[in-house]
Amino acid sequence: MAVDPVITKTSLEGLPKIAEGKVRDLYEIDSNTLLFVASDRISAYDVIMENGVPSKGKLLTLLSAHWFKLLPTLIPELRTHFLTLALPPAIPQTEHARLRNRSMQVRRLKIFPIEAIVRGYITGSAWKEYQRTGTVHKTPIVAGLKESEAFPQGAIYTPSTKAEAGQNDENISISEAAEIVGPKYAQKIEDLAIKLYTTARDYAAERGIIIADSKFEFGLDVDTDEVILVDEVLTPDSSRFWPADTYEIGREQMSYDKQYLRDWLTSEGLKGKQGVKMPEEVVNNTAEKYREAFEKLTGQKWVDAVRV
Ligand code: ATP
Ligand code: MG
């Protein structure tokens, strides 16, 4: 089998690049449409690693596309920015092999500058804050929860700011989120985020995966005043996926996402440092975990998914 080249930088002749995120590069197809290209870059603690993870961009794109097709069938009022996985005519044939399966055409929208995070289980930064102050995103939470336990009141909405490049996102309260986007849109975003999380959580639970938390982004269709789901969705980059069969309350979970990389960075004292090159073992383990999550959630073998 041919080895997939790792793509950490993209450039396209013919289409202007309008933005470069930590993972995705955005190209303009026309004033209403973007080509969203996921590279193999990986970031942790808001820093991009020097080397990439093979096929990661394809995996993020194909998993997001899976959800973009599935979720509107489960949540009828949901609108998304997804248009198609097909490449636009402006892309020459010679580029197709490199871009196929890692690119999607999306509607270009005005993005709300908050991250709509929903948490079903207490872990990560929320667990740290709770141990210190009994709160999560400054909101008091029932006492006596153990690490990785499900919030007894159900999923909670814990927004954060969407920081500029090089800055860290900051946890904010629901009323602070309303000040940023306005109360009308804030409520809509919260309702959609909770519905997305609970719908995906139940779907994943049937496939042996616990979605502990997830981050969504939304944009506005200014013509119809509709709030639209954008960006990537329910991938190991934007969510914590835990295997259900080894789940146990009272400890950290091993997970299908960047946890392996985060743990390695922490143990090496490299957390938040620039210019870090991951060793092969970290790259391979991360790739393997992402792939396992993809196969469980889509019911498709990875080799079949990328054969197209
Ligand atoms: P950010 O913290 O801003 O999300 P990032 O480094 O995570 O940055 P990436 O996920 O790599 O960025 O790139 C995706 C970028 O494209 C994000 O800034 C996201 O807000 C933006 N985006 C997503 N969907 C759309 C859309 N439909 N129209 C315009 N911009 C979009
Ligand atoms: Mg992002």
Side-chain angles (χ1 to χ4, degrees), residues 7-12 15-49 52-53 56-65 67-68 71-72 78-85 88 102-118 125 159-172 177 180-181 185 189 192-193 196 213-224 226-240 257-258 261-262 272 274 290:
I7 295 185
T8 54
K9 274 201 166 18
T10 74
S11 68
L12 285 182
L15 292 186
K17 191 189 265 190
I18 59 153
E20 209 176 84
K22 284 190 283 287
V23 172
R24 263 155 287 268
D25 295 336
L26 276 58
Y27 294 88
E28 179 181 277
I29 298 171
D30 58 46
S31 57
N32 296 317
T33 322
L34 298 177
L35 188 67
F36 218 58
V37 183
S39 72
D40 295 326
R41 297 192 288 270
I42 186 163
S43 73
Y45 302 115
D46 289 328
V47 178
I48 304 166
M49 302 297 117
V53 174
K56 173 172 173 280
K58 290 185 183 175
L59 197 144
L60 295 186
T61 299
L62 295 179
L63 185 53
S64 287
W67 290 114
F68 279 131
L71 289 166
L78 181 68
R79 301 284 174 275
T80 84
H81 73 160
F82 177 74
L83 293 171
T84 176
L85 286 171
R102 68 170 68 243
S103 316
M104 60 169 75
Q105 295 189 47
V106 302
R107 291 173 60 198
R108 182 180 198 166
L109 297 162
K110 186 169 167 275
I111 306 300
F112 290 107
I114 59 171
E115 313 234 322
I117 302 166
V118 181
S125 67
S160 78
T161 60
K162 215 169 110 58
E164 299 289 317
Q167 315 263 299
N168 293 343
D169 295 339
E170 224 177 282
N171 293 347
I172 50 176
I180 296 173
V181 302
Y185 297 126
I189 289 170
L192 276 172
L196 282 164
D213 50 38
S214 192
K215 180 207 86 172
F216 306 98
E217 288 189 42
F218 294 92
L220 181 67
D221 181 333
V222 287
D223 296 330
T224 62
E226 281 177 305
V227 173
I228 318 269
L229 178 64
V230 302
D231 208 50
E232 62 172 334
V233 62
L234 293 154
T235 69
D237 268 18
S238 66
S239 320
R240 283 195 177 86
D257 54 42
K258 292 188 215 173
L261 170 58
R262 291 197 197 101
Q274 298 287 337
Y290 273 54

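When a residue number appears, it is its place in the shown sequence, counting from 1. No hydrogens, no waters, no symmetry mates; every other heavy atom, side chains included, goes into these values. Atoms within each ligand, like the ligands themselves, are counted from 1 in listed order.
Partner of Phe218 under the side-chain contact (heavy atoms from CB on, under 4.5 Å) criterion, out of Leu196, Asp231, Val181: Leu196 alone.
Counted by atom type alone, Tyr27 and Thr10 present one or more donor-acceptor pairs between their side chains at under 3.5 Å.
A salt bridge is absent between Asp237 and Arg41; no separation between the charged side-chain nitrogens and carboxylate oxygens falls under 4.0 Å. A salt bridge is defined here as a Lys NZ or Arg NE, NH1 or NH2 lying under 4.0 Å from an Asp or Glu carboxylate O, and Asp257 with Arg240 fails to meet this definition.
The neighbour count for Glu226 CD, taken as heavy atoms of other residues, nucleotides or ligands under 6.0 Å away, is above 12.
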List below, pair by pair, the N or O atoms of ligand 1 and of the protein that are less than 3.5 Å apart, including the distance to 0.1 Å; reply 'none' if no pair qualifies.
| unit_1 | atom_1 | unit_2 | atom_2 | d |
| --- | --- | --- | --- | --- |
| ligand 1 | 3 (O) | Lys162 | NZ | 2.4 |
| ligand 1 | 4 (O) | Lys162 | NZ | 3.0 |
| ligand 1 | 4 (O) | Glu217 | OE2 | 3.1 |
| ligand 1 | 6 (O) | Lys22 | N | 2.6 |
| ligand 1 | 6 (O) | Lys22 | NZ | 3.3 |
| ligand 1 | 10 (O) | Arg24 | NE | 3.3 |
| ligand 1 | 10 (O) | Arg24 | NH2 | 3.4 |
| ligand 1 | 11 (O) | Lys22 | N | 3.1 |
| ligand 1 | 11 (O) | Val23 | N | 2.7 |
| ligand 1 | 11 (O) | Arg24 | N | 2.7 |
| ligand 1 | 18 (O) | Lys162 | NZ | 3.3 |
| ligand 1 | 20 (O) | Lys162 | NZ | 3.0 |
| ligand 1 | 20 (O) | Glu217 | OE1 | 2.7 |
| ligand 1 | 24 (N) | Asp231 | N | 3.2 |
| ligand 1 | 27 (N) | His81 | ND1 | 2.9 |
| ligand 1 | 27 (N) | Arg107 | O | 2.8 |
| ligand 1 | 28 (N) | Leu109 | N | 3.2 |

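Not counting sequence neighbours, Lys110 has no partner by the salt bridge (charged side-chain N to carboxylate O under 4.0 Å, His left out) test.
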